[in-house]
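The structure appears below as structure tokens.
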Amino acid sequence: MDLSMLNPQQRLAAETLEGPVLILAGAGSGKTRALTCRVANLMDHGVPARSILALTFTNKAAREMKERIVRLVGDQAEDAWISTFHSTCARILRRDIEKLGYSRSFVIYDDDDQGAVIKEILKRLNIDEKFLPPKEIRAKISDAKNKLLSPDEWFAKSERDHRSQMLHDVFVEYETRLKALNALDFDDLLVKTLELLADHPPVLESYRARFQHVLVDEYQDTNYAQYMLVKLLTDRSRNLCVVGDDDQSIYGWRGADIRNILDFEKDYPDATVIKLEQNYRSTANILDAANQVIAHNAGRKEKALWTESGEGEPIKLFCAGDEREEAAWVADRIRQLGRQGESYGRTAVLYRTNAQSRVIEEMLMRSGIPYKVFGGQKFYDRKEIRDVVAYLRVIVNPADDVSLKRIINVPKRSIGDSTVQELVNHARENDMPLYSALSDIPDTLSSRPRKCVSDFFLLMTMLTALKEALPLSEFVKTLVEKTGLMEQYQREDTEESRARVENMQEFLGAVEEFARASENATLEEYLENVALVTDLDQQEDERGYVTLMTLHSAKGLEFPNVFMTGLEEGVFPSGRSLMDENRMEEERRLCYVGITRAQKRLFISRASQRMLYNQVNHNAPSRFLEEIPPRLLQDEWAEKKEAAFKGVPQSAPRRGGYGSGYGMRSTPAMADLGKPRLTLHGDALGIPGVQKGFAPSKARELASGAMQSLFRKGDRVMHRKFGEGQVVAVTGRGADARIQIEFTAYGVKEFSLSIAPIVKLEDDE
DNA sequence: GAATAAATTGTTTTT
DNA sequence: CAATTTATTC
């Protein structure tokens, strides 16, 4: 193994093959390279691939690691287990879960399914959803499972009040119910695997004997259950190598326990600790900013990232009047980057919450900038897809009442709520799954619903038979037709239904691709894939598209140009973290993660007024802005203000200081609107009295200025209804700005600039 | 039982 | 604001 391309620390990481190893890998320090070389080196030293287990959090990370190892050592790497915690557990369970009293055809439930089960239980136990919201129950149960607590153990540690007692009861019910449904939730994958290993020594021994070397990526994100799993597997061999960065721990809210990485040296006193501190990703300015921000956290592992690269461009800062202007600035800068020869695929726009993406999307669309949004509503979460999946699940696992209830009347086949209720009661009385009630119809049903139910049962029987007869993708295609799922949407001709048809076709395509990728793929395997793979994992190099995603999902990625938006108290850091120092530190780590995604250029923006969740808020600048040294920043707000006042092109860049963009009082818009923290409903700017006697607020003027600058006389544009046209004139200001467009087919039409569905066709600046 | 209207209600991040 | 849940009417 040639390790000459590694720096001394990386080489140490790749060469220390025995015993516990902790690699503290700063952002962009080439940890994947060190890790992959380490694995290759292990194989060079005679360790067979099959005795290596590498655990990651995302499928994408797993795939990437595997590919890179294959590139180094060839196909022999195929025998190593390189996958996510959850997939690994699923794989272990598929083999031996019968020892725990489940059937091997178990299904994996997501949050939605969990919610359905919990709601059912609440109804049965006669508990008001307002008293115990299902979401909260889900979170508590998940929390307990992450800590490997049984309902009783959890209760013992709780406040032991009435509420906790009820929660406990729901928890117990939930566990029994899930087992009856032959279903595991996400956390169960880990919990049940641990149960299997702990209670069945031969199974544990076989895995211990097999996995002589275990690696864990993103160790700072592990929860207690994952910690235990790793511990159990490596107790004997003690060949455990964990890689992580405590400064990038951003999943505490999901049960990740940062102590796992902080205390590694206590757990393994003989551990070799290696720090990767040279950063190969970002310019000095960007790295400097990141270092300064994260330095405000207490209780970190001492680390100092450094780089050999030059200082690079200053970090651009912009303070917008509102979120629309912020988005316009982002769009504007992206087009400017385009003119400098940066392709869209090299740029990412990051935000704290998915809800913030909408405005940005709108503005990019108008500017004709191609983009892709990652995260948010997941593909498999869409109604029509979930319906198909529910059919598939019932066929694989007839005990799955939750899925059966979902599809029993989809598409409409006249099996109404009352009929379903009869069936459910009948099933419960006889202690059998709902599916059995379809063929053993209770006498209480009259002839008409009886016919509908038996028709449905025949359909399902036929489909079950077809599953064996047809190859996977053929089968799913047939199912979509025979059930009438596709027809249901094809018949109505709305924009929405057409989108659903398209989604379903895309789904069929995905199944086909899955079947092609692994021949002889079974339906069971596909369903597992659906449960464990997210859209984020599908992200290939989308050349030519700007990437929009949350800061969380950006972890592990890098882009030459990065925009961080919404740097405001209450937005980022999130309002829910303001009161809690630990949460605040996690927000700061999130900020650190965001900054360190950038390779060449970093753009940071905030809005002094923001409409979010249908409420207008005035937010103070994020504290993280203050934590970046002014010398690294270039304030574009000041430049823009100047340009707006004088009506002249932007003057020479001003360097340093937060300038007038900093602090709430300094913006004219704020001064006009009165008290800071004042929350106004509706169109705050339009409220009489607030604005009376003043010149139109600066915020609004700037916003419209940004809009107007998007469309100029002579621009070629596309209107959703009228098609292609040319801009004749742009008139008016602010909210009543209008635009006149000449269409070849329709002549001149006038629209309100703020609502017209138009897109700019090309950029000839 | 199904279609429509009205009302309510939530909005962090996700393997 | 939108999306889901609930009530109402046919």
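Residue numbers start from 1 in every chain, and the chains themselves are labelled A, B, ... in the order their sequence lines are given, proteins ahead of strands.
Ring orientation note: the planes of A:Tyr219 and A:Phe264 are nearly perpendicular, at an angle over 60° on the 30°/60° scale.
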Nucleotides 1-4 of chain B: which of its N/O atoms have a protein N/O under 3.5 Å away?
unit_1, atom_1, unit_2, atom_2, d
B:dG1, OP1, A:Ser418, OG, 3.2
B:dG1, OP1, A:Thr419, OG1, 2.6
B:dG1, OP2, A:Ser418, OG, 2.1
B:dA2, OP1, A:Ser414, N, 3.1
B:dA2, OP2, A:Asn409, ND2, 3.4
B:dA3, OP2, A:Lys412, NZ, 3.4

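The nearest whole Å value for the distance from the CZ atom in A:Arg138 to the P atom in B:dT12 is 12 Å. The CG atom of A:Asn617 sits 14 Å away from the P atom of B:dT12 (whole-angstrom rounding). As rounded to whole Å, 15 Å separates atom C1' of B:dT14 from atom CG of A:Asp143. Remark: C1' of C:dA3 and CG of A:Asp112 are 13 Å apart, rounded to the nearest angstrom. Rounded to an integer number of Å, the gap from CE of A:Met564 to C1' of B:dT13 is 14 Å. Rounding to whole angstrom units, CD of residue A:Glu587 and C1' of B:dT13 are separated by 8 Å. Taking atom NZ on A:Lys555 and atom C1' on B:dT13, their separation rounds to 12 Å, with Å as the unit. Protein atom CD of A:Glu568 is 16 Å distant from nucleotide atom P of B:dT12, rounded to whole Å.
Checking the phosphate oxygens (OP1, OP2) of B:dT14, a side-chain nitrogen or oxygen of A:Ser553 falls inside 4.0 Å. Considering only side-chain N and O atoms, A:Asn354 lies nowhere under 4.0 angstrom from the phosphate OP1 or OP2 of B:dT12. The phosphate of B:dT14 (OP1 or OP2) has a side-chain N or O of A:Thr550 nearer than 4.0 angstrom. Using a 4.0 Å cut-off, no side-chain N or O of A:Arg352 falls inside it from OP1 or OP2 of B:dT12. Look at A:Lys135 and you'll find a side-chain N or O under 4.0 angstrom from OP1 or OP2 of B:dT11.
In this structure, A:Arg576 and A:His86 both approach DNA chain B, and ranking their closest nucleotides by distance from the 5' end singles out A:Arg576. Comparing A:Lys383 and A:Arg358, the nucleotide of DNA chain C nearest to each residue sits closer to the 5' end for A:Arg358.
Judged by the 6.0 Å distance and 45° axis criteria, A:Arg583 is not positioned over the aromatic ring of A:Trp253. Annotation: cation-pi geometry satisfied between A:Arg94 and A:Phe106 (NZ/CZ under 6.0 angstrom from ring centroid, within 45° of ring axis). By the 6.0 Å and 45° rule, A:Arg163 stacks over the aromatic ring of A:Phe131.
Residue ring and base: A:Trp253 counts as stacked with B:dT13 (centre distance below 5.5 Å, interplanar angle below 30°).
Taking the P atom of each, B:dT13 and C:dT4 are spaced 16 Å apart, rounded to whole Å.
Among the protein residues, A:Asp221 comes within range of no part of the nucleic acid, since none of its heavy atoms lies under 4.0 Å from any strand.
Judged by distance alone, the side chains of A:Ser83 and A:Thr88 do bring a donor and an acceptor atom under 3.5 Å apart.
One N or O on the side chain of A:Asp110 and one on the backbone of A:Asp112 form a donor-acceptor pair closer than 3.5 Å.
Ring pair A:His296/A:Phe624: centre-to-centre distance not below 6.0 Å.
Between the side chain of A:Arg583 and the base of B:dT13, no donor-acceptor pair of N or O atoms lies under 3.5 Å.
Expressed to the nearest 0.5 Å, how far OH of A:Tyr592 lies from CD1 of A:Ile250 amounts to 12.5 Å.
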